[in-house]
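Everything on this sheet refers to the single structure shown next.
Here the structure is a predicted model, which is why all the values come from computation and not from measurement. Both counts, for ligands and for their atoms, begin at 1 and track the order of listing.
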Amino acid sequence: MRLSHYFLPVLKETPKEAQIASHRLMLRAGMIQQSSAGIYSWLPLGKRVLDKIAQIVREEQDRAGALEIMMPTLQPAEIWQESGRYDDYGAEMLRIKDRHDRDMLYGPTNEEQVTDIFRTHVRSYKALPLNLYHIQWKFRDEVRPRFGIMRGREFLMKDAYSFDIDADAARVAYNKMFVSYLKTFARMGLTAIPMEADTGPIGGDMSHEFIILAETGESGVYFHKDWLNTELVADIDYDSDLQPFVDKFTSIYARADEKHDPQNCPIADADLMSMRGIEIGHIFYFGTKYSAAMGATVSGQDGKPVPVHMGSYGIGVSRLVGGIIEASHDDKGIIWPESVAPFGVVIVNLKPGEDACDEACEVLYQELLATGLDPLLDDRDERPGVKLAAMDLIGIPWQVIVGPRGLENGFVEVKYRKTGETTEISPQTVLTMLQSSKGQG
Ligand code: 5CA
């Protein structure tokens, strides 16, 4: 991508409405623009990151055996009346009437919709287990939308729904999602701690929130200090028994504040950490709550109808954009982990219009394009200081800085955004250097 043909409306001033780093940086880096309270447009740079995050989520859901579908944003009120949640959900639900005066709503979540799909098509236990997910916009008319996309009213969620014949089988489905969440977040450079949590309006008796640590987080969290050096990634065989793996993680104390009782905390004060965190995912097992209310039954092995056991599994896809920034930025701007960076590398032409610079940049650009490193070429006619500051702000992992003086001496400068470390190398060796350090960040 050539920056001269791109739309990157970076802001010089720090927007005063933004209270936390991620909100400030997303506005300054031209990633989002507020449309109304808690509702945002995603501009090209933001959209790229959102898509990268969604893609990692998708790959890990697929790997864990979930099947992607797409349910609508607007749902009929009837199915929510069947489950009993239409009235319970209260003012958070955006209710709409269509031209025929039918009651509709903008979905805050999709348990009812997916249960309706299931009961229409599935009749036998033989079709189980089944896990269906989608990545779709949700609307919750939050009392206090804040922190930009972090607590929005419209937000992008991955929500998966599992269907099983009994509680034991549902536990297997729950474990798959539990483990896949650890992997998903680790791929984004995040350490997410699963914590026992309340189930709120989703209901159920088993639930974990996945929380990343950040001073600006809305949740208070308590956990054993061992969490700080627990390695989360592993190769997972989803067909194997995942219970030992889940037990290993759930055996280390971690609770969201509503579940932490200081009087009865099983670990010593010296081992207890109390911090703030951001909830980026939440998984629930709620048994037959929706299937019984909505008649989602299958015939079991003995031919008798049984309501299916269900769980639901959410990831805040748009919230993750902010969460990753909270976890990875400095006073100059964002520092994207490579896996979600909007571009892999930016080539900064310090003197556009000068033949040697233009030519060297063009050769590098074509070379990096061809190898799939997803380069951005800053070919704008701007002062070097302005360009370099903007590139630090938008946080692309690598910068290749091309200027006339360097070229005269046969080199360009390669800067690693995370450490600020720079190396002077010949333009011909840039590709090899970037390829050999891929995965470093
Ligand atoms: N149906 C279940 C699981 S699919 C559900 O809705 N769970 S949830 O309410 O916990 O939401 C799932 C995730 O969406 C949360 O963990 C959080 O990361 C994200 N989320 C929830 N509310 C918002 C919001 N207002 N703005 C941005 N992200 C949100």
Side-chain angles (χ1 to χ4, degrees), residues 20 22-23 26 32 34 37-40 42 50 53-54 57 61 66 68-69 71 73 75 80 83 85 88-89 91-94 106-115 131-163 173-174 177-178 180-181 184-185 188 190 192-204 206-212 214 217-219 221 256 258 277-286 289-290 310-326:
I20 62 171
S22 58
H23 188 195
M26 286 181 77
I32 51 168
Q34 187 174 333
I39 305 182
Y40 288 83
W42 291 76
L50 192 64
I53 292 173
V57 170
Q61 289 290 291
E68 186 167 12
I69 59 172
M71 291 179 273
T73 52
Q75 301 178 26
W80 287 72
S83 74
R85 281 207 294 182
D88 293 354
Y89 226 94
E92 245 184 46
M93 180 187 277
L94 181 63
Y106 193 135
T109 174
N110 287 61
E111 280 80 5
E112 286 78 359
Q113 189 74 76
V114 78
T115 305
N131 185 331
L132 302 174
Y133 78 97
H134 71 164
I135 299 175
Q136 177 63 291
W137 294 93
K138 305 288 186 286
F139 193 93
R140 293 182 185 172
D141 208 346
E142 301 270 354
V143 187
R144 252 190 308 281
R146 56 181 187 157
F147 301 154
I149 48 79
M150 205 74 105
R151 179 164 296 281
R153 291 201 295 165
E154 190 184 43
F155 59 97
L156 189 60
M157 192 202 286
K158 183 286 299 179
D159 36 329
Y161 302 88
S162 64
F163 302 89
Y174 187 91
M177 287 293 114
F178 184 104
S180 85
Y181 274 35
T184 304
F185 300 133
M188 299 171 193
L190 298 171
I193 306 182
M195 315 215 173
E196 276 183 29
D198 277 343
T199 55
I202 309 295
M206 181 166 65
S207 170
H208 286 92
E209 284 175 356
F210 287 74
I211 292 189
I212 55 169
E218 291 188 292
S219 319
V221 294
E258 71 271 10
I278 302 168
E279 180 204 315
I280 52 173
H282 200 161
I283 61 178
F284 304 83
Y285 164 67
F286 43 73
K289 176 176 164 161
Y290 299 91
M310 292 175 59
S312 74
Y313 313 90
I315 290 184
V317 175
S318 49
R319 176 177 286 183
L320 270 167
V321 180
I324 293 169
I325 297 174
E326 289 297 327

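Minimum heavy-atom separation, H208 to E196: CD2-N, 3.7 Å. Minimum interatomic distance between Y285 and M310 (heavy atoms only, all atoms of both residues): CD1-O, 3.4 Å.
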Worked check of salt bridge (Lys or Arg N to Asp or Glu O under 4.0 Å) between E111 and K289: CA-CA 10 Å; E111 280 80 5; K289 176 176 164 161; over 6 Å; no

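At the shortest separation from atom 17 (C) of ligand 1 among protein heavy atoms lies R319 NH1, 3.5 Å. In this structure, the protein non-hydrogen atom closest to atom 20 (N) of ligand 1 is F155 CE1, 3.5 Å. Protein heavy atom at the shortest distance from atom 16 (O) of ligand 1 is E279 OE2, 2.4 Å. Scanning all protein heavy atoms for the shortest distance to atom 6 (O) of ligand 1 gives R140 NH2, 2.7 Å. Closest protein heavy atom to atom 27 (C) of ligand 1: M150 O, 3.3 Å. When only non-hydrogen protein atoms are considered, atom 11 (O) of ligand 1 lies nearest to M157 CE, 3.4 Å. The protein atom (non-hydrogen) at minimum distance from atom 7 (N) of ligand 1 is F284 CE1, 3.4 Å.
By the 3.5 Å distance cut-off applied to N or O atoms, G152 is counted among the residues near ligand 1. Ligand 1 has a nitrogen or oxygen under 3.5 angstrom from a nitrogen or oxygen of E142. Where the criterion is an N or O separation shorter than 3.5 Å, residue side chain and backbone included, R153 fails it with respect to ligand 1.
Close approach to I280 involves these atoms of ligand 1, each under 4.0 Å from a residue heavy atom: 16 (O), 18 (O). When each atom of ligand 1 is checked for a heavy atom of I149 under 4.0 Å away, the hits are 27 (C). The ligand atoms of ligand 1 that sit less than 4.0 angstrom from a heavy atom of H282 are 10 (O), 16 (O). The atoms of ligand 1 that sit less than 4.0 Å from any heavy atom of E111 are 1 (N), 2 (C). Residue-ligand proximity, D159 to ligand 1, at heavy-atom distances under 4.0 Å covers atoms 4 (S). Atoms of ligand 1 lying under 4.0 Å from at least one heavy atom of G316, given by number and element, are 13 (C), 14 (O), 18 (O), 19 (C). For ligand 1, the atoms closer than 4.0 angstrom to any heavy atom of Y313 are 3 (C), 4 (S).
The shortest heavy-atom distance from G281 to ligand 1 is under 4.0 Å.
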